[in-house]
*Asks:* 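Sharing a structure here in structure tokens format.
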Amino acid sequence: MNRLENADVAAIFQEMADLTELQDGNPFRIRSFRRVAQALATLPEHVATMLAAGTLAKVPGVGEGTLTRVREILETGDCSDHAALRAALPAGLLEMMRIEGMGPKTTKLVYTQLGVKSVDELEAAAQQGHLAKLPRMGEKSQAKLLKAIEAFRRHSGRIRLGDALPQGLAIADAMRAVPGILHVELAGSCRRRQETIGDLDVLCAAEESGPAMDAFCALPQVGDVIARGETQCSVHLASGLQVDLRVIAPKCFGAALHYFTGSKMHNIAIRDRAKRRGLKISEYGVFKEGRDGEERGGPGEFTSPGGAAVKAAPEEFLCGATEEEIFASVGIGYIPPELRENLGEIEAAEEGRLPSLIEERHLRGDLHMHTQWTDGTASAREMAEQAIELGYEYLAITDHSRSLTVAGGLDEVRLAAQGEELRALEAELGGSLRILRGIEVDILAEGDLDLRPEALAGLDWVVASVHSHFNLPEEKMTARVIRALESGVVDCLGHPSGRLLGQRDAYALNLDKVIRAARDLGVAMELNAFPDRLDLDAPHCRQAKELGVAIAIGTDSHATWHLKKREYGIATARRGWLEPSDVLNAGPLETILERRRERMARLCPELLTTSPRTAAAPPAAPAPARPEPAKPAKPAKPAKPAKPATPAKPATPSTPARSSKPARSGSKRKPA
DNA sequence: GCCGTTTTCGGCCCGACTGTTTTCAGTCG
């Protein structure tokens with residue numbers, strides 16, 4: 001069995017929370033399980049490592065009970081409490097609870113009264129009219145539930161940030177054009193730039209809610225209206241995505257924005273902090289609590305711009321117009337949305353050690369992209385032109401290597417020919433953009449690289465990635481990846497976990513070990529910014545930062561417009577607490593090249609002089625006896641099939657060199 | 001179950017909306 005990952009252990013706690021809720025357990029115990037689940041899923045290191053080191057016990061929300069359960073889970077794969085909870089109720093109830101409107105009480109009710117224990121049985125019961133006869137249920141509830149089951153089947157699960165954000169921004173733009181609306185912001189997980197999104201939250205500031213609600217429901221994207229009250233309403237877009245709108249008075253906008261941005265855990269922590277200071281925070285603002293715990297201030301003043309009763313005395317309201325005021329009321333500075341997960345950001349804000357998060361403008365280059373030489377749709381020239389438009393100083397062209405035959409990966413001959421083209425292009429651009437001759441080289445099953453180290457040594461930037469043999473056991477996969485990094489010619493591990501959001505899980509890889517190896521070897525970890533990947537994920541970015549491992553943000557672009565996907569990489573980097581100094585391509589090109597020189601001098605000095613760009617630098621100190629890598633000595637690598645030495649002027653098929661739009665088909669040659 | 005300006009017990013964030021009720025439970029965020 002592969003080692004349990006943090007997410008696996010977290011899932012057990014999440015399920016214990018759900019099952020405890022179904023059994024009407026202590027709500028605080030339930031919350032505690034959920035808090036632990038979240039903490040485990042976002043640990044900076046593997047849970048077993050932290051348990052052994054005693055650092056797990058220091059994680060907020062983790063107490064003695066959790067430590068005992070985690071220990072049991074790591075040893076046996078499960079814990080007795082979880083098993084007991086599962087034994088008490090059918091597993092199908094958990095899935096039923098994921099249907100909109102089916103909370104623990106209703107789920108339990110249909111199970112005990114009707115014996116319903118799966119989504120299918122629930123649907124049948126509703127169709128036969130049994131549900132409407134239950135206490136607190138009726139015809140309307142039943143009809144609503146049938147629709148919810150349909151939506152559940154059609155659109156189960158979360159969608160990628162890259163799919164949700166553009167839809168959210170379009171709605172926000174449309175709402176900004178509505179007369180009377182003063183501010184519009186996306187809130188929720190989308191504003192926190194979580195990698196997947198359950199629904200969209202849109203917040204509007206207006207003196208009157210009616211016109212905003214009308215305009216929202218009339219948007220062309222809107223399919224059907226799920227619910228509509230005086231100040232908030234929920235709709236399904238035609239795309240299936242749910243959007244919640246909330247209209248709020250301008251003087252409360254900051255409080256509402258903070259509240260609806262979440263996360264839930266962050267909000268609870270902030271409100272708890274407020275309570276200890278004799279304050280009450282709600283989406284309507286910060287209020288001074290009455291003496292003896294008696295609340296005198298209330299939200300009623302703002303609930304209904306249409307004219308509901310005014311319950312709150314004006315002097316009770318302290319502030320609420322901006323988020324800064326909310327944070328200031330509990331004695332801390334502004335916390336960027338991407339950090340609001342109650343993962344130490346409040347403590348960091350209090351101690352004045354919040355990171356200065358990286359922004360798009362800090363990026364000085366892009367380190368991962370493909371061209372028509374393999375499976376990209378644009379020429380290197382077109383990529384370069386787009387890069388210049390984005391304000392970059394440099395970029396790396398990193399087409400696939402030969403093993404990736406489906407992409408027409410480059411062999412050594414074509415790689416050399418491409419190098420010629422890139423050199424010429426760089427010269428032609430006259431210093432406005434530096435072009436790194438790079439490659440995304442496959443890591444083969446045993447950890448060899450897909451091209452000879454001698455050929456890779458002559459490049460400026462090498463990304464090494466796994467594209468095959470995804471199902472190796474963890475130990476083999478880990479050894480495979482580390483072996484590739486030990487070659488000395490690899491600058492960066494591409495999309496380290498291999499996951500595709502919503503499509504494919506990460507392969508079994510001990511990322512802990514890999515990140516530590518990268519630190520020892522001077523290799524960067526990629527943060528692949530393509531929205532399907534976002535790999536490394538944010539928790540591992542944070543771990544890499546703490547260990548001093550450089551992150552290289554690459555878009556993995558296959559078209560010019562993909563270069564703008566950097567925004568998703570930046571979003572993930574920010575969620576990982578990264579600052580410009582943590583990101584390789586937020587720094588100068590010279591640093592990137594120097595790191596390569598330094599590492600090659602240390603790990604493979606015999607290859608160093610073969611790199612034209614590195615040879616241009618001051619000659620490396622005469623290579624003494626080759627130092628051993630920090631990790632166990634590499635086994636001798638099997639000799640590659642004989643390859644001709646890279647010809648100076650290879651007789652390659654017509655390269656797309658100067659043509660700005662070479663024929664697509666010409667670039668899809670198979671390797672020899 | 002966790003935690004401490006409440007520290008080994010007692011408290012734990014706050015409000016809107018719906019549907020079913022005649023005052024509120026359940027769900028959601």
Side-chain angles (χ1 to χ4, degrees), chain A residues 13 16-17 20-21 24-37 39 57-70 81 97-109 131-145 148 187-189 198-203 209 225-234 242-248 252 255-256 258-287 289 293 295 297-304 308 311 330-331 342:
Chain A
F13 278 88
M16 281 200 282
T20 308
E21 198 170 22
D24 209 14
N26 180 343
F28 300 108
R29 190 170 193 234
I30 295 162
R31 181 193 296 173
S32 181
F33 281 144
R34 291 203 200 289
R35 189 176 180 200
V36 169
K58 297 195 174 71
V59 173
V62 173
E64 268 310 311
T66 299
L67 292 176
T68 307
R69 289 186 181 88
V70 166
D81 289 333
M97 264 212 300
R98 289 171 48 213
I99 296 169
E100 171 98 35
M102 289 294 291
K105 297 287 195 300
T106 314
T107 303
K108 183 80 179 291
L109 183 73
L131 289 181
K133 300 189 188 97
L134 292 174
R136 292 211 149 268
M137 300 284 282
E139 291 296 336
K140 276 182 103 165
S141 311
Q142 185 169 267
K144 210 171 168 181
L145 191 57
S189 51
D199 60 20
L200 291 173
D201 298 285
V202 182
L203 208 59
S209 63
V225 178
I226 306 166
R228 177 172 173 165
E230 284 219 54
T231 62
Q232 70 185 46
C233 116
S234 297
Q242 181 174 328
V243 188
D244 299 333
L245 173 78
R246 185 73 185 243
V247 186
I248 207 93
C252 319
H258 175 260
Y259 173 68
F260 286 106
T261 295
S263 67
K264 193 183 176 84
M265 290 300 191
H266 170 90
N267 285 353
I268 289 173
I270 289 285
R271 289 179 178 200
D272 182 47
R273 197 177 159 88
K275 204 177 172 76
R276 291 203 307 268
R277 293 167 172 247
L279 302 174
K280 189 186 73 172
I281 295 182
S282 76
E283 60 261 53
Y284 297 105
V286 181
F287 298 84
E289 264 189 326
E295 285 180 21
E301 185 182 4
F302 311 108
T303 47
S304 174
K311 287 190 285 185
V330 292
N342 196 27

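The chains referred to below are lettered A, B, ... by the order of the sequence lines, with proteins before strands, and numbering in each begins at 1.
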*Asks:* Within less than 4.0 Å of OP1 or OP2 of B:dG15, is there a side-chain N or O belonging to A:R246?
*Replies:* no

*Asks:* Any idea which of B:dT27, B:dT18, B:dG1 is nearest the A:A227 side chain?
*Replies:* B:dT18

*Asks:* Just by modelled atom types, is the A:A187 backbone N or O under 3.5 Å from a matching donor or acceptor in the A:T261 side chain?
*Replies:* no

*Asks:* Tell me which nucleotide among B:dT20, B:dG26, B:dC17 gets nearest to the side chain of A:K105.
*Replies:* B:dG26

*Asks:* Can you find a pair of side-chain heavy atoms, one from A:R69 and one from A:F13, that are under 4.5 Å apart?
*Replies:* yes

*Asks:* So which nucleotide from B:dC13, B:dG15, B:dG1 ends up closest to the side chain of A:N26?
*Replies:* B:dG1

*Asks:* My understanding is that a pair needs two contacts under 3.5 Å, Watson-Crick or G-U wobble. By that rule, which nucleotide pairs with B:dT8?
*Replies:* none

*Asks:* Output yes when a side-chain donor or acceptor of A:T20 lies under 3.5 Å from a complementary backbone atom of A:M16, and no otherwise.
*Replies:* yes

*Asks:* With respect to the phosphate group of B:dC2, does any side-chain polar atom (N or O) of A:T66 fall under 4.0 Å of OP1 or OP2?
*Replies:* yes

*Asks:* Taking A:Q142 for its side chain and A:A132 for its backbone only, find out whether a donor-acceptor pair lies under 3.5 Å.
*Replies:* yes

*Asks:* Compare the minimum distances between each of B:dT27, B:dC13, B:dA16 and the side chain of A:D272, then state the nucleotide with the smallest one.
*Replies:* B:dC13

*Asks:* Which one, B:dC2, B:dC17, B:dT27, comes nearest to the side chain of A:S32?
*Replies:* B:dC2

*Asks:* Can you tell which of B:dG1, B:dG15, B:dC28 lies closest to the side chain of A:F33?
*Replies:* B:dG1

*Asks:* Hey, is the side chain of A:R271 poking within less than 4.0 Å of OP1 or OP2 on B:dC13, counting only N and O atoms?
*Replies:* no

*Asks:* Does A:R276 make a side-chain N or O approach to OP1 or OP2 of B:dC12 shorter than 4.0 Å?
*Replies:* no

*Asks:* Has A:T231 got a side-chain N or O lying under 4.0 Å from the OP1 or OP2 atom of B:dC17?
*Replies:* yes

*Asks:* Answer yes or no: does a side-chain N or O of A:K275 lie under 4.0 Å from OP1 or OP2 of B:dT5?
*Replies:* no

*Asks:* B:dA16 phosphate, OP1 or OP2: any side-chain N/O from A:Y284 under 4.0 angstrom?
*Replies:* yes

*Asks:* So if I take every side-chain heavy atom of A:K264 and compare against B:dG15, B:dT18, B:dC13, which nucleotide ends up nearest?
*Replies:* B:dC13

*Asks:* Could you measure between the two P atoms, the one in B:dC17 and the one in B:dT22, and give it in whole Å?
*Replies:* 23 Å

